[in-house]
Amino acid sequence: MRAAAVQLNSQEDKQRNLEVAERLVRAAARDGAELVCLPEKWNLLGGSEALVEGAEPLDGPSLSAARVWARDLRIHLVAGSIAERVEGHDRLFNTSVLIGPQGDDVATYRKIHMFDVEVGGVTYRESDHEEGGEEIVSAPLGELELGLSVCYDLRFPELYRILAVRGARIITVPSAFTQATGRDHWEVLLRARAIENQAFMVAADQFGEAPPHYNSYGRSAIVDPWGVVLAMAPDEECFVAADLDIEAQERIREKLPALANRRPAAYQWPEEVEVG
């Protein structure tokens, strides 16, 4: 299978974002990609007010457009994530949708971990306008299993181990990783999650500046189960692609059977202690 990660510099201009996303998705498909992943907040990246105003339901214009692209191109498309408005909820969800080659929604994942941090002198409070999902999601990708995650999830290895135990062979990570954390942590975390779970990581990141204070790292990447970086994007809007060698993955899992050698009965979660 050939996979592609699309790197964008999304802004508050939704129409412009959709036009660039479509151009790069179609280019990736022409390059042979059967799985294409867009970045986090691909349709609109901006301040809290812009995100709230531009939020859409799952049948809104952004995902409707993505479904047309997937159907026209006969690809699996992970439509990054969007700010999703759900009836009955005051706050939004940060939602990633896997769209199949027929243009149908195969799976919907709502980002579990909220980005409430201070990095690079900037305070982020994602939970002020979004709430975390509660469900870990994987779904069929042809004869394989795909695991879904979003950005800050990358720091929580428990999520990825559960996806691997469920059978995920490929895991997508649409992101808007900050410049401050990305330069030290992005590649390290992607390679660690790949090695730990002997899975392919397809990580589409935002790149560059966006209002009000975003400065995303870029370097969208595809990493193999041995932790080898198969492709990494330059500092521009583009896509990167790589062939995923599933037979090589099977050999790795057979010869170094770390997943099979787990001993779940011996793992006991400690009592929660205050961390600070």
side-chain contact (heavy atoms from CB on, under 4.5 Å), that's the test. Do K41 and I82 meet it? Break it down for me.
CA-CA 5 Å; K41 302 292 175 60; I82 68 163; 5.9 Å; no
Interatomic distance, SG@C238 vs CG@N9, rounded to 0.5 Å, equals 11.5 Å
Start with the C-alpha gap between L92 and V52, add the side-chain angles, then the distance that decides, and say whether side-chain contact (heavy atoms from CB on, under 4.5 Å) holds.
CA-CA 7 Å; L92 311 174; V52 171; 4.2 Å; yes
Reported OG1-to-CH2 distance for the pair T181 and W186, which is rounded to 0.5 angstrom
9.5 Å
Could you tell me the separation between the CZ atom of R169 and the CG atom of L146, rounded to the nearest 0.5 Å?
12.5 Å
Measure the spacing between CG of L77 and CD1 of I99 and express it to the nearest 0.5 Å.
5.0 Å
Looking only at side-chain N and O atoms, does R16 offer a donor or acceptor that is under 3.5 Å from a partner on Q11?
no
Determine, stepwise, if the pair R30 / L73 fulfils side-chain contact (heavy atoms from CB on, under 4.5 Å).
CA-CA 9 Å; R30 285 196 301 273; L73 300 168; over 6 Å; no
Shared hydrophobic cluster for F207 and V119 (ILVMFWY, side-chain gaps under 4.5 Å)
no
Considering residues, nucleotides and ligands other than D90, do more than 12 of their heavy atoms fall under 6.0 Å from its CG?
no
Are there more than 12 heavy atoms of other residues, nucleotides or ligands under 6.0 Å from atom CD of E236?
yes
With sequence neighbours left out, write down each residue that passes ring pair (Phe, Tyr, Trp, His ring centres under 6.0 Å) with Y152, or none if nothing qualifies.
F115, F156
With K111, which of E130, E84, E126 fulfils side chain to side chain donor-acceptor pair (under 3.5 Å)?
E126
Have R110 and N94 got a donor and an acceptor in their side chains that come within less than 3.5 Å?
no
For the pair Y124 and H213, name the ring-plane relationship: parallel under 30°, tilted 30 to 60°, perpendicular over 60°.
perpendicular
Scanning both residues in full, the closest heavy-atom pair of F177 with G182 reads CD2-CA, 3.7 Å
With the side chain counted from C-beta on, respond yes when L244 and I222 share a heavy-atom pair under 4.5 Å apart, and no when they do not.
yes
Answer with yes or no whether the hydrophobic clustering places L141 together with L148; edges join I, L, V, M, F, W, Y residues whose side-chain heavy atoms lie under 4.5 Å apart.
yes
Between P225 and R253, is any pair of side-chain heavy atoms under 4.5 Å apart?
no
Which residue pairs pass the ring-ring contact (aromatic ring centres under 6.0 Å, His included) test when at least one of the two sits in residues 219-263, sequence neighbours left out?
none
Shortest non-hydrogen contact between T172 and C37, atoms and distance:
CB-SG, 4.0 Å
With side chains defined as the heavy atoms from C-beta onward, is the minimum distance between L24 and L8 less than 4.5 Å?
yes
Intermediate values then yes/no, salt bridge (charged side-chain N to carboxylate O under 4.0 Å, His left out), R67 and D105
CA-CA 8 Å; R67 293 182 186 103; D105 292 358; 2.8 Å; yes
Are R74 and Q102 side-chain neighbours, meaning at least one heavy-atom pair lies under 4.5 Å?
yes
Closest non-hydrogen atoms of A83 and L51, given as atom of the first, atom of the second and distance, are CB-O, 4.1 Å
Can you hop from I246 to L259 via hydrophobic side chains spaced under 4.5 Å?
no
With a 3.5 Å cut-off and no angle check, do the side chains of T95 and Y109 form a donor-acceptor pair?
no
Salt bridge (charged side-chain N to carboxylate O under 4.0 Å, His left out) between R219 and D235, intermediate numbers included:
CA-CA 7 Å; R219 311 293 171 88; D235 294 340; 2.9 Å; yes
Heavy-atom check, side chain of E56 versus side chain of P61, under 4.5 Å:
yes
Is there a salt bridge (charged side-chain N to carboxylate O under 4.0 Å, His left out) between E187 and R191 once you walk through the steps?
CA-CA 6 Å; E187 182 179 337; R191 295 180 69 190; 3.8 Å; yes
Side-chain heavy atoms nearer than 4.5 Å, only ILVMFWY residues, links allowed to pass through others: does that put F200 and I195 together?
no
V150 versus V173: any side-chain heavy-atom pair under 4.5 Å?
no
Common cluster, M201/I136, ILVMFWY with side-chain heavy-atom separation under 4.5 Å:
yes
So which atom in A233 and which in Q7 form the shortest heavy-atom distance, rounded to 0.1 Å?
CB-OE1, 3.4 Å
Do R161 and N197 have side chains that approach each other closer than 4.5 Å (heavy atoms only, starting at C-beta)?
yes
Should we say atom CD of E250 is surrounded by more than 12 heavy atoms from elsewhere, each under 6.0 Å from it?
yes
Verdict with supporting geometry, L35 and M1, side-chain contact (heavy atoms from CB on, under 4.5 Å)
CA-CA 8 Å; L35 168 66; M1 172 175 287; 4.1 Å; yes
Using only heavy-atom distances, determine whether the side chains of S175 and D205 contain a donor-acceptor pair under 3.5 Å.
no
So which heavy atom on A168 is nearest to which on G147, and how close?
CB-N, 3.9 Å
Would you compute the distance between atom CZ of R155 and atom OH of Y160 and round it to the nearest 0.5 angstrom?
11.0 Å
Determine the minimum heavy-atom distance between S138 and R166, stating which atoms define it.
OG-CD, 4.0 Å
Restricting to pairs with a member in residues 238-248, which pass side-chain hydrogen bond (donor to acceptor under 3.5 Å, both in side chains), not counting sequence neighbours?
R2-D243
For F93, check ring pair (Phe, Tyr, Trp, His ring centres under 6.0 Å) against everything at least two apart and list the hits.
H89
Would you please name every residue forming a side chain to side chain contact (heavy atoms under 4.5 Å, CB included) with E135, sequence neighbours left out?
V137
With a 4.5 Å heavy-atom cut-off, do L18 and S62 have their side chains touching?
yes
Distance from D224 atom CG to Q198 atom CD, nearest 0.5 Å?
11.0 Å
Suppose the criterion is ring-ring contact (aromatic ring centres under 6.0 Å, His included): which pairs have a residue in residues 34-54, not counting sequence neighbours?
W42-W69
